[in-house]
Amino acid sequence: MRKSSDRNLFYDNENASQNTIKDTDVYDLLLKIPAGKVSTYGDLAKALGNPLASRQVGRILGRNPNPIKVPCHRVVMSDGKVGGYFYGSDRKKELLEKEGISFTDESVNNFMEIRIQADELVI
DNA sequence: GCCATGGCTAGTA
DNA sequence: GCCATGGCTAGTA
């Protein structure tokens, strides 16, 4: 649905905003992030053709189907902060640290180096 | 309305 | 910190 604030968009692609994101697409993409790397909610959204839908991606990960098979913990915020996790962000950090990622405070170290961006995720 | 986000702006140090 | 985004969900009628 188009809103009055849409005039603020940089791009004006009629198709972009009617592309709803499917849970299964998100989970498929997650499998492309190897241990030791991270991606962001926005990158996933962008890779799925809906760059503004980062928040939906978060919600989809939130009602996590299968925390064991699906590496939700490898998705962080666009500024390198940990972001949310069903079992709490401390648990999320632990999992990432186990994969070789370190933090200062709530932020991933060497974010630029280990981040997988949207174009690397596109199928 | 809510939300596991994002990005921009003001304004501090 | 503020506000825009977009789709889902709870819960009313």
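Just so we're on the same page: letters track the sequence lines, and every chain starts at 1. Values below: every heavy atom of this structure, side chains too, minus hydrogens, waters and symmetry copies. In this text, all values refer to a predicted model and were calculated from it rather than measured experimentally.
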**OP:** Check whether the side chain of A/Tyr85 and the base of B/dA4 form a donor-acceptor pair under 3.5 Å.
**Re:** no
Subject >> Atom-to-atom span, CD1 of A/Ile60 to P of B/dT5 - whole angstrom >> reply: 13 Å
**OP:** Mind calculating the distance between OH (A/Tyr41) and P (C/dG6) to the nearest angstrom?
**Re:** 19 Å
Original post:
Is A/Ser78 near enough to B/dG7 that one of its side-chain N or O atoms lies under 4.0 angstrom from OP1 or OP2?
Top reply: yes
**OP:** Measure the distance from CG on A/Asp23 to P on C/dC8 and round it to the nearest whole Å.
**Re:** 8 Å
Original post:
Charged N to carboxylate O under 4.0 angstrom, A/Lys46 versus A/Asp119?
Top reply: no
**OP:** Report yes if the side chains of A/Ile101 and A/Glu97 come closer than 4.5 Å at any heavy-atom pair, otherwise no.
**Re:** no
**OP:** Please state how far atom CZ in A/Arg59 lies from atom C1' in B/dG1, giving the value in whole angstrom units.
**Re:** 10 Å
Original post:
Which whole-number value in Å describes the distance from A/Asp25 CG to C/dG6 P?
Top reply: 18 Å
Original post:
Does a side-chain N or O from A/Ser54 land closer than 4.0 Å to OP1 or OP2 of B/dT5, or not?
Top reply: no
Subject >> Spacing of A/Asn50 atom CG relative to C/dA4 atom P, expressed in whole Å >> reply: 18 Å
**OP:** List the atom of A/Val38, the atom of A/Val76, and the distance in Å for their closest heavy-atom pair.
**Re:** CG2-CG2, 4.1 Å
Subject >> Rounded interatomic separation in angstrom, taking CG from A/Asp79 and C1' from B/dA4 >> reply: 13 Å
Original post:
Per the atom types in the model, does the base of C/dG6 pair as donor or acceptor with the side chain of A/Gln56 at under 3.5 Å?
Top reply: yes
Original post:
If you look at every strand shown and take non-hydrogen atoms under 4.0 Å, does A/Gly42 touch a base, only sugar-phosphate, or nothing?
Top reply: sugar-phosphate
Original post:
Using purine N1 to pyrimidine N3 plus N6-O4 or O6-N4 for Watson-Crick, or N1-O2 and O6-N3 for G-U wobble, both under 3.5 Å, which nucleotide pairs with C/dC8?
Top reply: B/dG1
**OP:** For residues A/Leu44 and A/Leu30, determine if any side-chain heavy atom of one lies less than 4.5 Å from a side-chain heavy atom of the other.
**Re:** yes
**OP:** Could you check how far CZ of A/Arg74 sits from P of B/dA4, rounded to whole Å?
**Re:** 22 Å
Subject >> Sidechain-backbone polar pair: A/Asn50 side chain, A/Ile21 backbone, donor-acceptor under 3.5 Å >> reply: no
Original post:
Considering only C/dA4, C/dT9, B/dG6, which nucleotide approaches the side chain of A/Arg55 most closely?
Top reply: C/dA4
Original post:
Nearest to the side chain of A/Phe86, which nucleotide is it out of B/dG6, C/dG6, B/dA4?
Top reply: B/dA4
Subject >> Nucleotide nearest A/Met77 (side chain, heavy atoms from C-beta), chosen from B/dG6, B/dA4, C/dA4 >> reply: B/dG6
